[in-house]
Each structure stands twice: as C-alpha cells, then as structure tokens.
Trainee: 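First the structure, which I've put down as structure tokens, then a few questions once you've had a look.
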Amino acid sequence: MLENILLKKKGQGFEDIFSDIAKHAWSEKFEIWKPQGSLGDFKCDGYHVPEKTVFQCYGPEIPEPSKTAAKIRADFEGAKKHFGDRMAKWVFVYNQRDLPATCGKLLGELREKNPDIEVNCWCLDDLLGFAMNLSPERLSIVCGIGLRDHRFQDATLKALDEFVAENKSPSSQENGSASQTNQPTLKQALDDIAAQDREIRRRLLGYSMWLEPMSKQQAYNIVADLGLNVASIDPNAKRLAQMGLVRVTGSHILPVNLRVCNEAAETFADEFIGRLEVL
C-alpha cells in the first residue's frame with residue numbers, strides 16, 4: 001500500500017510524504033523546512049538535528065538524467081554554502097527506484113571533493129524501507145495522508161484502522177513475536193492439509209497482496225467462483241494469522257509476511273490478470 005502511494009507521488013507531493021514519514025520517525029529531532037519568499041528553503045527540505053543531516057527531495061514527473069544531475073549539483077553546493085559546518089551529511093531523496101549512472105558518478109565526485117561531508121542518495125526502496133520501521137499507528141497516519149486522492153481511500157483507511165487496533169491487542173502482539181522468530185514459509189503454510197484448504201490458503205496469501213487491502217467479501221467471492229467451500233475461509237485465515245503470515249481484521253485480510261504472500265501471488269499471476277480483464 002505504501003509502495004503504491006510513493007510511486008504516485010511527484011513534485012511537492014513527494015516532498016510532503018517524505019516529510020511526513022521523517023517527522024513521524026524522528027519527531028522533534030527532524031525539522032521540516034519550507035520556502036520563505038525570495039529566500040527559498042536554503043536548499044533544504046528537512047534537517048535531522050542530531051546528525052546534522054540535510055535532506056533534499058526531488059520527485060520529477062518524467063525523470064531525465066541530465067536534469068537530475070544538475071539538480072544534485074545545485075542543491076548540494078547550495079546547501080554547503082548555507083549550512084557550512086552544520087552539514088555533516090547530505091542526502092538526496094529521489095522518487096525513482098534507480099539512480100542514473102551519470103548521477104551516481106556525480107555523487108562519487110562530490111564525495112571525493114568533500115571528504116568531511118557524507119553524501120548519500122535515498123531512492124524509492126530506501127524511503128520505503130525507512131518508512132516500514134514506523135509503528136503501525138504512525139504508519140497508518142502516513143498512509144492516510146498519502147491516500148487523499150486514492151480511489152480506494154475509504155476501504156483502505158478502514159483496513160488500516162482495524163490493523164492498528166489488532167496490533168494494540170496482547171494476543172496480536174504475541175502472534176507477531178512468534179512470526180518474527182519462526183519465519184514460516186509458504187511450504188509450511190500449505191503442507192499437511194487437505195487439497196481444498198491448500199488452495200484456499202494459497203489464494204488468501206496471494207490475493208491479499210494483489211488486492212491490498214483485500215476485504216473478506218472479496219475472499220468469499222474468489223473462493224466461491226472456484227467452487228471451493230466458503231466456510232473454510234475463516235479457519236484457514238485464522239491459522240495463517242497465527243503463523244504471522246496475514247492479519248485478519250473485522251472486514252479485511254491483510255498481508256504481513258510480504259515475502260511469503262508475494263511468493264503465493266506469483267503462483268497464479270495469470271489467474272489474477274484474467275480476473276482484472278473480466279472486471
């Protein structure tokens with residue numbers, strides 16, 4: 001869900017979602033800097049006080065290597081001028097998964113010329129990984145803000161609320177601890193059960209990724225279309241939740257172990273695409 005939000009954010013929207021994530025992660029240790037008239041923002045979109053880190057965001061609609069490189073050079077030199085010895089680290093936050101080779105080369109040159117400043121780049125997956133360290137409560141707030149224009153906003157926010165409520169309960173926290181310790185696999189989730197239960201579990205795991213957030217009604221419809229026993233959904237979903245693979249709320253089944261859920265999803269990608277074409 002968060003990955004989809006980040007992929008859609010461009011320009012100021014990307015800067016805003018980064019600021020929201022960083023503020024929830026670091027609280028008063030992180031300062032959000034906004035432009036001030038003709039003074040601008042001193043080439044700083046956010047400042048992490050303890051580590052003297054300047055963050056500069058760039059979320060182009062259409063990435064162009066030459067423009068990205070020019071942006072890196074101008075922002076770095078501008079920040080160095082404005083911050084001086086108050087900048088021990090500079091991070092370029094980019095809304096793409098990969099950095100163009102020319103930009104990587106430029107970052108290397110900046111590191112060589114400025115050995116006293118740590119120069120880094122956060123691409124999309126780096127920001128996603130950083131955000132996923134937030135607590136469920138804070139993550140739900142970030143996603144809620146990021147989904148203002150999302151067409152599935154109501155259903156998604158409801159699922160997030162239920163997810164947070166489940167995480168606050170003692171039983172849910174115990175299940176989460178067990179899942180982290182045991183690290184169950186897809187094979188373990190499907191072994192030693194009847195063939196019908198295997199098919200139901202496989203689809204609960206996989207479709208929880210494809211349809212995130214997947215409502216229980218969607219799960220019932222999918223299982224019924226396949227001619228399987230709908231009554232088997234709840235006990236199988238409960239068992240998958242006990243294994244730490246999914247989270248079952250009042251009305252949704254949400255992926256928790258993304259590795260296993262992705263693995264299940266890949267086993268019937270063609271089936272899912274076929275469903276989309278029918279819809």
Side-chain angles (χ1 to χ4, degrees), residues 1-34 41 43-60 63 68 71-72 75-76 79 83 86-100 103-104 107-108 110-111 117-148 150 156-157 159-160 163-164 167 176 179-180 183 209 212-213 244 247 254-262:
M1 189 188 309
L2 181 59
E3 182 177 15
N4 289 334
I5 292 172
L6 292 177
L7 285 168
K8 293 179 180 179
K9 294 298 180 182
K10 312 294 180 185
Q12 186 62 47
F14 180 68
E15 179 184 331
D16 290 342
I17 194 72
F18 163 77
S19 297
D20 289 334
I21 293 169
K23 193 65 176 175
H24 279 287
W26 290 319
S27 190
E28 77 280 356
K29 296 177 182 178
F30 180 76
E31 300 171 348
I32 300 174
W33 287 42
K34 294 297 182 184
D41 59 7
K43 300 299 182 182
C44 172
D45 292 325
Y47 186 67
H48 186 239
V49 179
E51 296 185 1
K52 296 183 178 180
T53 303
V54 174
F55 289 90
Q56 184 65 40
C57 298
Y58 186 47
T68 303
K71 174 75 172 170
I72 289 173
D75 287 347
F76 176 80
F83 283 84
R86 290 183 293 114
M87 185 173 79
K89 185 176 180 179
W90 184 81
V91 181
F92 182 70
V93 187
Y94 192 40
N95 74 333
Q96 302 296 312
R97 291 193 180 279
D98 303 300
L99 191 68
C103 297
L107 290 174
L110 293 177
R111 293 183 186 108
I117 300 174
E118 183 179 344
V119 178
N120 289 326
C121 175
W122 286 12
C123 288
L124 192 72
D125 289 331
D126 298 306
L127 181 55
L128 178 61
F130 174 63
M132 291 304 296
N133 288 318
L134 295 176
S135 68
E137 292 87 351
R138 291 185 179 275
L139 190 58
S140 70
I141 295 172
V142 169
C143 287
I145 294 171
L147 282 167
R148 284 172 179 154
H150 199 289
T156 304
L157 292 181
L160 281 166
F163 175 74
V164 172
N167 268 269
S179 68
Q180 290 295 321
Q183 288 296 307
M209 287 295 297
E212 187 179 4
R247 177 77 62 198
L254 307 171
V256 172
N257 189 316
L258 301 186
R259 175 181 55 80
V260 172
C261 291
N262 267 320

Trainee: Is there side-chain contact between L99 and C123, with at least one heavy-atom pair below 4.5 Å?
Mentor: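 L99 reaches C123 side chain to side chain.
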
Trainee: For residues I72 and L110, determine if any side-chain heavy atom of one lies less than 4.5 Å from a side-chain heavy atom of the other.
Mentor: yes

Trainee: I'd like to check the ring-ring contact (aromatic ring centres under 6.0 Å, His included) partners of F55; sequence neighbours left out, ordered by chain and number.
Mentor: F18, W26, W122

Trainee: Quick check for you: to the nearest 0.5 Å, what is the distance between E3 atom CD and R97 atom CZ?
Mentor: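 Output value for this atom pair is 4.5 Å.
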
Trainee: Report the residues that fulfil salt bridge (Lys or Arg N to Asp or Glu O under 4.0 Å) with D98, sequence neighbours left out, ordered by chain and then residue number.
Mentor: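 For D98, no residue satisfies salt bridge (Lys or Arg N to Asp or Glu O under 4.0 Å) once neighbours in sequence are set aside.
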
Trainee: Tell me, please, which residues at least two apart from K71 pass side-chain contact (heavy atoms from CB on, under 4.5 Å).
Mentor: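 With sequence neighbours excluded, K71 shows a side-chain contact (heavy atoms from CB on, under 4.5 Å) to Q56, Y58, D75, F92, given in chain and number order.
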
Trainee: Taking side chain as C-beta onward, heavy atoms only, is L127 less than 4.5 Å from I21?
Mentor: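 Touching, per the 4.5 Å side-chain cut-off.
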
Trainee: Heavy atoms only: give me the nearest F30-S19 pair and the separation to one decimal.
Mentor: CE2-O, 4.1 Å

Trainee: Do you know the tightest heavy-atom contact between V256 and G244?
Mentor: CG1-O, 3.6 Å

Trainee: Do L124 and Q96 come close enough that some side-chain heavy atom pair is under 4.5 Å?
Mentor: no

Trainee: Residues two or more places apart in sequence or in another chain: which of them pass ring-ring contact (aromatic ring centres under 6.0 Å, His included) with Y47?
Mentor: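 Residues passing ring-ring contact (aromatic ring centres under 6.0 Å, His included) with Y47: F83.
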
Trainee: Within a radius of less than 6.0 Å around NZ of K10, do more than 12 heavy atoms belonging to other residues, nucleotides or ligands occur?
Mentor: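 Counting neighbours around NZ of K10, more than 12 heavy atoms of other residues, nucleotides or ligands fall under 6.0 Å, so yes.
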
Trainee: Measure the spacing between CZ of F14 and CG of N95 and express it to the nearest 0.5 Å.
Mentor: 5.0 Å

Trainee: Of all the heavy-atom pairs spanning E31 and V49, show the shortest one and how long it is.
Mentor: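 Scanning both residues, the minimum pair turns out to be OE2-CG2, 3.5 Å.
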
Trainee: So do the side chains of K89 and V54 get within less than 4.5 Å of each other, counting heavy atoms only?
Mentor: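 Contact flag for K89/V54 side chains = no.
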
Trainee: Are the side chains of L6 and I17 in touch, meaning some heavy atoms are under 4.5 Å apart?
Mentor: yes

Trainee: For the side chain of K9 and the backbone of G13, is there at least one donor-acceptor N/O pair under 3.5 Å apart?
Mentor: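 No, because the side chain of K9 does not come within donor-acceptor range (under 3.5 Å) of the backbone of G13.
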
Trainee: Test of understanding: with side-chain contact (heavy atoms from CB on, under 4.5 Å), list the residues that count as partners of Q12, not counting sequence neighbours.
Mentor: E15, D16, K34

Trainee: So, taking the atom named SG in C44 and the one named CZ in R86, what distance separates them when rounded to the nearest 0.5 Å?
Mentor: 9.5 Å

Trainee: Would you confirm whether R111, through its side chain, and V119, through its main-chain N or O, come within 3.5 Å as a donor-acceptor pair?
Mentor: yes

Trainee: Among residues at least two apart in sequence or on other chains, which ones pass side-chain contact (heavy atoms from CB on, under 4.5 Å) with P100?
Mentor: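 side-chain contact (heavy atoms from CB on, under 4.5 Å) check on P100 returns P65, Y94, T102, C103.
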
